[in-house]
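Below is one structure, written out as structure tokens, with a few remarks after it.
Lettering follows sequence order; numbering is per chain, from 1. No experiment lies behind these values; they were computed from the predicted model shown.
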Amino acid sequence: MELHPRHAWDLTPAEAVTLQRQLRNEVVADQPIDLSAVRLVAGVDVSVKNERSRAAVLVVTFPGFLLVETAVAERPTPFPYIPGLLSFREGPVLEEAFGRLRAEPDVFLFDGMGTAHPRRIGIASHMGLWLQRPTIGVGKTRLVGVNAPLPEEKGAHVPLIDRGETIGAVVRTRTATHPLFISPGHLADIPSAVELVLACSPKYRLPEPIRLAHKTAGDF
DNA sequence: GCGACAG
DNA sequence: ATCTTGTCGC
């Protein structure tokens with residue numbers, strides 16, 4: 001996977017925020033993903049243990065979810081967890097894992113937000129600038145935004161709104177389970193992001209690619 | 001000042 | 001994210 005690094009990662013929290021305000025202007029979040037052309041989907045996840053972070057990128061076929069490739073990387077955790085600045089904690093190890101990937105996934109699913117972020121540049125959007133390929137943010141809990149009541153049935157989804165702007169969707173990927181917070185990362189849009197996530201979640205709450213990545217990243 | 005706050 | 005056993009429900 002050819003990467004397009006945009007900047008160094010060793011910044012102070014204040015510098016990181018300034019950088020996000022600059023990079024946000026390059027994020028494309030209104031471009032549909034052609035689902036009929038998707039052949040490979042990647043699931044991305046990072047786990048942290050004892051000051052060390054491990055990243056796992058799992059590539060699977062779509063549909064079918066057959067494993068095609070696994071790329072991992074491990075290194076010291078460089079930045080504390082600060083809401084809104086997750087990419088500066090997980091970005092470095094993810095960059096290393098992406099650099100080892102030979103396959104060229106059509107879409108990347110991230111564990112975290114895309115545009116559903118205070119400055120509209122969550123980790124899925126941020127890394128999308130490195131990948132220059134469609135990325136989608138899949139959050140398990142809310143960072144920002146409000147939403148109307150969501151029906152209990154699988155497939156139900158309502159807009160996620162922040163400061164008068166629709167930044168994503170709250171999606172039920174399984175009946176009677178907590179919903180997921182979906183938002184476009186880069187080179188994607190809300191409708192297609194919701195469609196792809198649902199298409200990748202045939203049985204469990206989390207999309208198949210992310211479930212697999214989570215399992216691999218957690219095996220220390 | 002108080003509450004919220006991805007992983 | 002991580003620390004952790006049993007337990008409720010489909």
Side-chain angles (χ1 to χ4, degrees), chain A residues 9 13-14 16-17 19-20 23-24 27 29 43-58 72-97 108-129 135-147 152-154 160-163 165 167-186 188 190 193-194 197 201-207 209-220:
Chain A
W9 290 108
V17 169
L19 178 59
Q20 288 183 320
L23 292 176
R24 60 182 291 180
V27 174
V44 181
D45 189 39
V46 174
S47 70
V48 180
K49 285 188 193 271
N50 303 318
E51 316 288 283
R52 307 234 358 133
S53 291
R54 166 177 287 191
V57 181
L58 272 284
V72 297
E74 192 180 323
R75 59 163 60 192
T77 305
F79 199 85
Y81 169 66
I82 299 175
L85 299 180
L86 182 64
S87 54
F88 295 88
R89 179 177 174 80
E90 304 189 344
V93 71
L94 281 178
E95 180 176 353
E96 188 173 330
F108 289 78
L109 264 37
F110 284 75
D111 199 328
M113 305 303 178
T115 56
H117 176 282
R119 292 169 290 284
R120 311 297 184 252
I121 180 163
I123 192 166
S125 302
H126 198 151
M127 298 318 296
L129 295 179
T135 60
I136 294 172
V138 180
K140 297 183 290 297
T141 61
R142 166 198 327 277
L143 175 58
V144 292
V146 296
N147 63 276
E152 292 295 318
E153 298 68 40
K154 171 178 182 174
L160 177 61
I161 297 169
D162 183 48
R163 289 176 288 161
E165 181 183 357
I167 57 176
V170 183
V171 185
R172 194 86 69 183
T173 50
R174 184 171 178 171
T175 299
T177 65
H178 291 311
L180 256 27
F181 296 79
I182 307 303
S183 57
H186 183 45
I190 297 174
V194 170
V197 167
S201 312
K203 185 175 168 72
Y204 301 103
R205 180 196 181 213
L206 291 179
I210 288 185
R211 288 185 66 237
L212 298 172
H214 197 307
K215 178 182 298 185
T216 297
D219 280 326
F220 268 74

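Between A:G185 and A:S125 the shortest heavy-atom distance is O-OG, 2.9 Å. The minimum heavy-atom distance linking A:R89 with A:P78 is given by the pair O-CD, 3.5 Å. Contact detail for A:D111 and A:L86: the closest heavy-atom pair is O-CD2, 4.5 Å.
Taking atom CD of A:E51 as the reference point, atom C1' of C:dT2 lies 12 Å away to the nearest angstrom. The CG-P distance, from A:L94 to C:dA1, rounds to 14 Å in whole Å.
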Nucleotide pairing, DNA chain C (Watson-Crick or G-U, distances under 3.5 Å), in dot-bracket with [ ] and |: ..........

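For A:S53 and A:T77, the side-chain atoms include at least one donor-acceptor pair closer than 3.5 Å.
Checked against side chain to side chain donor-acceptor pair (under 3.5 Å), A:R174 has no partners two or more places apart in sequence or in another chain. Checked against side chain to side chain donor-acceptor pair (under 3.5 Å), A:T173 has no partners two or more places apart in sequence or in another chain. Under the side chain to side chain donor-acceptor pair (under 3.5 Å) criterion, A:D45 pairs with no residue, sequence neighbours left out. Shown here are the salt bridge (charged side-chain N to carboxylate O under 4.0 Å, His left out) partners of A:K154, two or more places apart in sequence or in another chain: there are none. Considering only residues two or more places apart in sequence or on other chains, A:H117 meets the ring-ring contact (aromatic ring centres under 6.0 Å, His included) condition with none of them. Scanning for ring-ring contact (aromatic ring centres under 6.0 Å, His included) contacts around A:F108 gives A:F98, with sequence neighbours left out. Listed by chain and residue number, A:N147 satisfy the side chain to side chain donor-acceptor pair (under 3.5 Å) test with A:R142 (two or more places apart in sequence, or in another chain).
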A:E90 and A:I123: CA distance, side-chain angles, deciding distance, side chain to side chain contact (heavy atoms under 4.5 Å, CB included) verdict: CA-CA 8 Å; A:E90 304 189 344; A:I123 192 166; 3.6 Å; yes

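In this structure, A:R54 contributes its side chain and A:A73 its backbone to no donor-acceptor pair below 3.5 Å. Of the possible polar contacts, one joining the A:R163 side chain to the A:P118 backbone as a donor-acceptor pair under 3.5 Å is found.
In the region residues 171-186 of chain A, proximity to DNA chain B at under 4.0 angstrom, judged on heavy atoms, holds for none of the residues.
Ring geometry, A:W9 versus A:F88: the interplanar angle exceeds 60°, so the pair is classed perpendicular (tilted spans 30 to 60°).
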Sequence-aligned protein contact record of nucleotides 1-7 of chain B, with B where the base is within under 4.0 Å of a protein heavy atom and S where only the sugar-phosphate is: ----BBB

Sequence-aligned protein contact record of nucleotides 4-10 of chain C, with B where the base is within under 4.0 Å of a protein heavy atom and S where only the sugar-phosphate is: -------

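DNA chain B contains no stems of three or more consecutive Watson-Crick or G-U pairs with both distances under 3.5 Å.
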